[in-house]
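This report refers to the structure that appears directly beneath it.
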Amino acid sequence: RLKKMNIFVLDITMRKSCAGNFRGNTCVDKKRVWNTIKDTGFDNFVVASFRESHSLEDEIAAHVNLTKSRSQKQFHYSMAELYSIVEAGIPSFATPAGVTKMAKYGISNVVLDFCIFDPFIDWRKFSTQDFMDLVALRLEQIRASSRNGRIFLCIRDAFDTFRSGKNRNKILSFIAYAAVTLVPRYNVFGIMVEDSTGTLLPWEVAGIIATFRATMDSNGWVNGHLLVQVGKGFGMADMNVMAALSEGATGIWCGICEEGGIAGHACSTSILTNLFRMGNPFVSSRFHIGRLCQAAAKASKIITGGPVAMRQEIYGPRCVSIMQDKRLLSDVADDTRRTLIFDDEADYRNDPLLSMVPEESDLSEQMEVTFGEREYDIMVLSNMRRLLLLDTKHKRKCDYYSSVGLFTLYERAGGDEYLDEMAEIIIHDE
């Protein structure tokens, strides 16, 4: 299933990754993030979560509408809360800003966001049927301003409610109600669920997602999307997303990088890279993984104000050598693998860490990546390796992987061919 699925990606970098950080993001920051992600191959974006008063989200939504990609069709979404306040245990029926501001900024698609078991609601006063009627009312209001837009129902506490045991039937009843009543009437596009703290284990996530999928299918919602997001917390986030996808989830809703939330979340760059190395044809045709990694790193730097963590998986500096490993990417053509990270605009070339002394073949490959394919003398490569060993033995920490560092090592090892051509490349890089 993972090898053949046409995964649906709802990018929420503008919302998720720019929120929950210690460093505040300005309007300029968010515009830079948007300009980084808008041409990465994604075509579904959450661009705003509006408030009643004018806010930063209004400025960003206007900017996004003016600068959206002209090369592909894109679907922009507003996140709208089901209700803005609970008074005396009863949710407000007033139309939320996320719905009223859609038309103003040319946004026709909505993510209706709610908890199925809100502890602030007095369920003795407000029954489950009242809750379902409120959801139907919101969908009616959305359809009044957006006849053909896509609508997702985002059930924030779906995993927690299902695990609670006594409320398990409530979430399944709601999914069945959505499939039987809301889909035919309002053409709901799908359901979104999340495990915000990453507390579940892969087989738990797989089982819950399989149950949700079976409930949707058995009630005729076979084509409905089921998107999943998993927060980081206990080292299981990426695996849990893959488990969900293997058991019936049709896509993911997440940022391009891991920033956002309490401890981050499983990002689209990581999930798509793993599907890519499995040989998934839809991922390989829709996305350029190298550019995706670059965009993830750039977005991370803008959002956090600092460099990408050295040990960041997939798009971090130390993962460059892993991403180039032929054994890990055996299904990928050599020319594709070569451009996976070292693309035209990549800024990783100066970052990789030399964790062990490489073989002559590794040095030759690095020379080709940096200076182009040439007939490098095997004796010079052998001397380069010997010098690396000596530097390590004498505790000399040298730069070997930047173009300048590699040129210096090559010259120290007795290399005297191609020096002028290599110098031109260094000048061009600078």
**Request:** Taking atom CD of Glu313 as the centre, report whether more than 12 heavy atoms of other residues, nucleotides or ligands fall under 6.0 Å from it.
**Result:** no
Distance-only criterion, 3.5 Å: show the donor-acceptor pairs between side-chain atoms of residues 219-230 and protein atoms not counting sequence neighbours.
from	atom 1	to	atom 2	distance (Å)
Asn219	ND2	Thr215	O	2.7
His225	ND1	Thr250	OG1	2.9
Gln229	OE1	Lys16	NZ	2.9
Gln229	NE2	Trp253	O	3.2

**Asked** Is the CH2 atom of Trp123 crowded by more than 12 outside heavy atoms at less than 6.0 Å?
**Response** yes
**Prompt:** So, do Phe75 and Phe189 have ring centers that fall under 6.0 Å from each other?
**Reply:** no
**Asked** If only atom types and distance count, is the side chain of Arg138 paired as donor or acceptor with the main-chain N or O of Leu82 below 3.5 Å?
**Response** yes
**Approximate separation, where rounding is to 0.5 Å, of Asp118 CG and Arg156 CZ** = 13.0 Å
**Item:** Min side-chain heavy-atom separation Asp113-Leu153 under 4.5 Å
**Value:** no
**Request:** I would like to know whether Arg150 and Asn187 meet side chain to side chain donor-acceptor pair (under 3.5 Å); could you show each step before the answer?
**Result:** CA-CA 8 Å; Arg150 295 176 173 180; Asn187 192 23; over 6 Å; no
**Request:** Take atom CZ of Arg1 as the centre, draw a 6.0 Å sphere, and report whether it contains more than 12 heavy atoms from other residues, nucleotides or ligands.
**Result:** yes
**Request:** For salt bridge (charged side-chain N to carboxylate O under 4.0 Å, His left out), just list the numbers for Arg185 and Glu140, CA-CA rounded to whole Å, side-chain angles, deciding distance to a tenth of an Å, and then say yes or no.
**Result:** CA-CA 9 Å; Arg185 187 180 301 173; Glu140 189 78 41; 6.0 Å; no
**Request:** Could you walk me through whether Arg213 and Glu247 pass the salt bridge (charged side-chain N to carboxylate O under 4.0 Å, His left out) test, one step at a time?
**Result:** CA-CA 8 Å; Arg213 183 78 258 174; Glu247 290 297 327; over 6 Å; no
**Prompt:** For the residue pair Ala266 and Val241, what are the closest heavy atoms and their distance?
**Reply:** CB-CG2, 3.8 Å
**Asked** Does the side chain of Gln294 come under 3.5 Å of the side chain of Arg291 through a donor N or O and an acceptor N or O?
**Response** no
**Complete:** The ring-ring contact (aromatic ring centres under 6.0 Å, His included) partner of Phe287 among Phe276, Phe282, Phe42 is Phe42
**Item:** From Asp11 atom CG to Ser268 atom OG, the distance as rounded to the nearest 0.5 Å
**Value:** 5.5 Å
**Prompt:** Can you check whether Glu204 reaches Asn240 side chain to side chain, under 4.5 Å on heavy atoms?
**Reply:** no
**Asked** Is there side-chain contact between Leu406 and Gln366, with heavy atoms separated by less than 4.5 Å?
**Response** yes
**Asked** Given side chains that start at C-beta, do those of Pro91 and Phe114 come closer than 4.5 Å, heavy atoms only?
**Response** no
**Item:** Ser49 side, atom OG; Met14 side, atom CE - distance, nearest 0.5 Å
**Value:** 12.0 Å
**Message:** What's the separation between atom CD1 in Ile107 and atom CE in Met79, rounded to the nearest 0.5 Å?
**Reply:** 12.5 Å
**Request:** Could you verify whether a donor N or O on one side chain and an acceptor N or O on the other, from Asp157 and Thr161, lie under 3.5 Å apart?
**Result:** yes
